[in-house]
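These numbers were taken from a predicted model, which means no experiment stands behind them. Residue indices begin at 1 and follow the sequence shown.
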Amino acid sequence: MRIGEIAALVGVTSRAVRHYHHIGLLPEPARRANGYRAYTVRDAVLLARIRRLTEIGLSLDEVRDVLADDAGRELVEVLGELDADLARQEREIRERREVLAALLEAPPTSDGPLSPALAALLESVPATGSPAAAKDREHLALLDTAGGGAGAGAELYAALRPLAEAPGVAALYERLDELAGAAVDDPRIAPLAAELVAAVPDEVLAVIPDGEPSPTGFGRALLEDYPPAQREVVRRVMEALAVRVRATRGRSV
């Protein structure tokens with residue numbers, strides 16, 4: 001194959017192939033008598049590997065490290081991994097299209113667009129004028145958009161449904177609302193945080209991803225959305241739930 005042919009086969013530009021040669025990421029192939037590069041299937045597999053790795057967000061230096069680890073592997077093994085990667089992408093695209101189809105069929109909402117699983121959860125929640133409850137809806141909508149994997153999200157929303165429908169939850173939201181203008185040493189913070197933690201069933205903990213809840217990343221952004229006293233309540237809830245998650249999974253705290 002010539003450079004234009006391998007570029008078209010893999011789905012990159014000839015300029016990209018030359019750049020990979022220039023930085024040493026893709027070795028220069030042997031040249032024919034006429035001076036043209038002669039690419040092989042092995043070159044195409046390596047170029048496809050580079051493309052896949054860059055598409056998932058790896059830097060070129062990180063790609064170089066991965067390729068170094070692949071150097072001693074058989075071609076069949078690398079081809080198998082590429083095929084598995086393509087199958088994963090097909091599955092993710094199919095899942096996203098299923099969610100999109102459901103969104104197109106569902107009536108628009110003020111929170112939307114939401115995944116069908118989250119929309120079903122929010123529809124089951126009793127109506128309330130609580131600002132804290134409204135904030136929770138916003139956070140769930142953000143998590144729904146940023147969380148990726150629709151299957152994992154659906155599992156979490158299903159586990160949250162009994163909690164969302166519990167009659168005592170509205171009173172907990174009202175007590176959280178009352179702390180909107182309070183100081184961080186308000187004596188109501190500790191008991192409210194303890195009751196919120198106790199209200200979360202083990203079924204919810206079972207579907208929380210490893211390392212969550214955490215006051216970093218998404219959790220940090222969530223905390224910053226609350227005024228001081230409410231933030232302290234939510235922070236304590238996060239920390240206590242993290243302890244419970246580790247305990248239920250047999251890890252030391």
Asker: Main chain of V197, side chain of R244: is a donor-acceptor contact present, judged purely on distance under 3.5 Å?
Answerer: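 Indeed, once roles are kept as given, a pair shorter than 3.5 Å links the two residues.
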Asker: Can you tell whether the side chains of E92 and R88 come within less than 4.0 Å, N to carboxylate O?
Answerer: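 Yes, this pair counts.
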Asker: Which heavy-atom pair separates A229 from A183 by the least distance, and what is that distance?
Answerer: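 Closest pair (atom of A229, atom of A183, distance): CB-O, 3.5 Å.
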Asker: Counting only heavy atoms from other residues, nucleotides and ligands, does the tally under 6.0 Å from CZ of R188 exceed 12?
Answerer: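 Counting neighbours around CZ of R188, more than 12 heavy atoms of other residues, nucleotides or ligands fall under 6.0 Å, so yes.
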Asker: Considering only NZ, NE, NH1 and NH2 on the basic side and carboxylate oxygens on the acidic side, decide whether E232 and R235 come within less than 4.0 Å.
Answerer: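 A salt bridge links E232 with R235.
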Asker: Between L192 and R236, is the side chain to side chain contact (heavy atoms under 4.5 Å, CB included) condition met? List the steps.
Answerer: CA-CA 10 Å; L192 176 56; R236 293 186 182 208; over 6 Å; no
Asker: In this structure, which one of V10, I3, I50, D43 forms a side chain to side chain contact (heavy atoms under 4.5 Å, CB included) with V17?
Answerer: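 By the side chain to side chain contact (heavy atoms under 4.5 Å, CB included) criterion, V17 pairs with just one of V10, I3, I50, D43: I3.
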Asker: Rounded to the nearest 0.5 Å, what separates atom OG in S130 from atom CD in E178?
Answerer: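 Result: 10.0 Å between the selected atoms.
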Asker: I need the minimum non-hydrogen distance between P162 and A158, along with the two atoms involved.
Answerer: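 For P162 versus A158, the nearest heavy atoms are CD-O, 3.6 Å.
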Asker: Of the non-hydrogen atoms in A159 and V204, which two are nearest, and what is the gap between them?
Answerer: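 It is O-CG2, 3.4 Å.
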Asker: CG/L53 to CD/E62 distance, rounded to the nearest 0.5 angstrom?
Answerer: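 Rounded to the nearest 0.5 Å, the CG-CD separation comes out at 9.5 Å.
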Asker: As an exercise, state the distance from OG1 of T128 to CG of D136, rounded to the nearest 0.5 Å.
Answerer: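 Taking OG1 in T128 and CG in D136, the distance rounds to 11.0 Å.
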Asker: Starting at CE of M1, measure out to CZ of R37 and round the result to the nearest 0.5 Å.
Answerer: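 Answer for the CE-CZ pair, M1 versus R37, is 13.5 Å.
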Asker: Looking only at heavy atoms, which two atoms of L121 and A164 are closest? And how far apart?
Answerer: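 Here L121 and A164 meet closest at CD1-CB, 4.0 Å.
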Asker: Do L223 and V184 share a hydrophobic cluster, counting only Ile, Leu, Val, Met, Phe, Trp and Tyr and linking them when any side-chain heavy atoms are less than 4.5 Å apart?
Answerer: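 Per the 4.5 Å side-chain linkage, L223 and V184 are not co-clustered.
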Asker: For atom CZ of R15, is the number of surrounding heavy atoms from other residues, nucleotides or ligands below 6.0 Å larger than 12?
Answerer: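 Atom CZ in R15 is not crowded, with 12 or fewer foreign heavy atoms closer than 6.0 Å.
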Asker: Which heavy-atom pair separates A44 from L9 by the least distance, and what is that distance?
Answerer: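 The pair with the smallest heavy-atom distance is CB-CD2, 4.1 Å.
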Asker: Taking a hydrophobic cluster as the set of Ile, Leu, Val, Met, Phe, Trp and Tyr residues connected by side-chain heavy atoms closer than 4.5 Å, whether directly or through intermediates, do V66 and V12 fall within one such cluster?
Answerer: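 Result: yes, single cluster for both.
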Asker: Do you know the tightest heavy-atom contact between P29 and A38?
Answerer: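 Smallest interatomic distance, heavy atoms only, reads CB-O, 3.4 Å.
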Asker: Does a salt bridge link K135 with E138, judged by any charged N lying under 4.0 Å from a carboxylate O?
Answerer: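 No, no charged N to carboxylate O under 4.0 Å.
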Asker: Can you tell me how far apart CZ (R231) and CG (D225) are? Round to the nearest 0.5 Å.
Answerer: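 Reported to 0.5 Å precision, the distance equals 9.5 Å.
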Asker: Using the rule side chain to side chain contact (heavy atoms under 4.5 Å, CB included), only one of L47, L46, L60 pairs with L25; which is it?
Answerer: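 For L25, the side chain to side chain contact (heavy atoms under 4.5 Å, CB included) check succeeds only for L60.
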Asker: Within a strict 4.5 Å, meaning less than it, do heavy atoms of the R2 and S14 side chains meet?
Answerer: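 R2 vs S14: side chains apart.
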Asker: State the CZ-CG distance between R161 and L163, to the nearest 0.5 angstrom.
Answerer: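 Atom-to-atom, R161:CZ and L163:CG are 13.0 Å apart.
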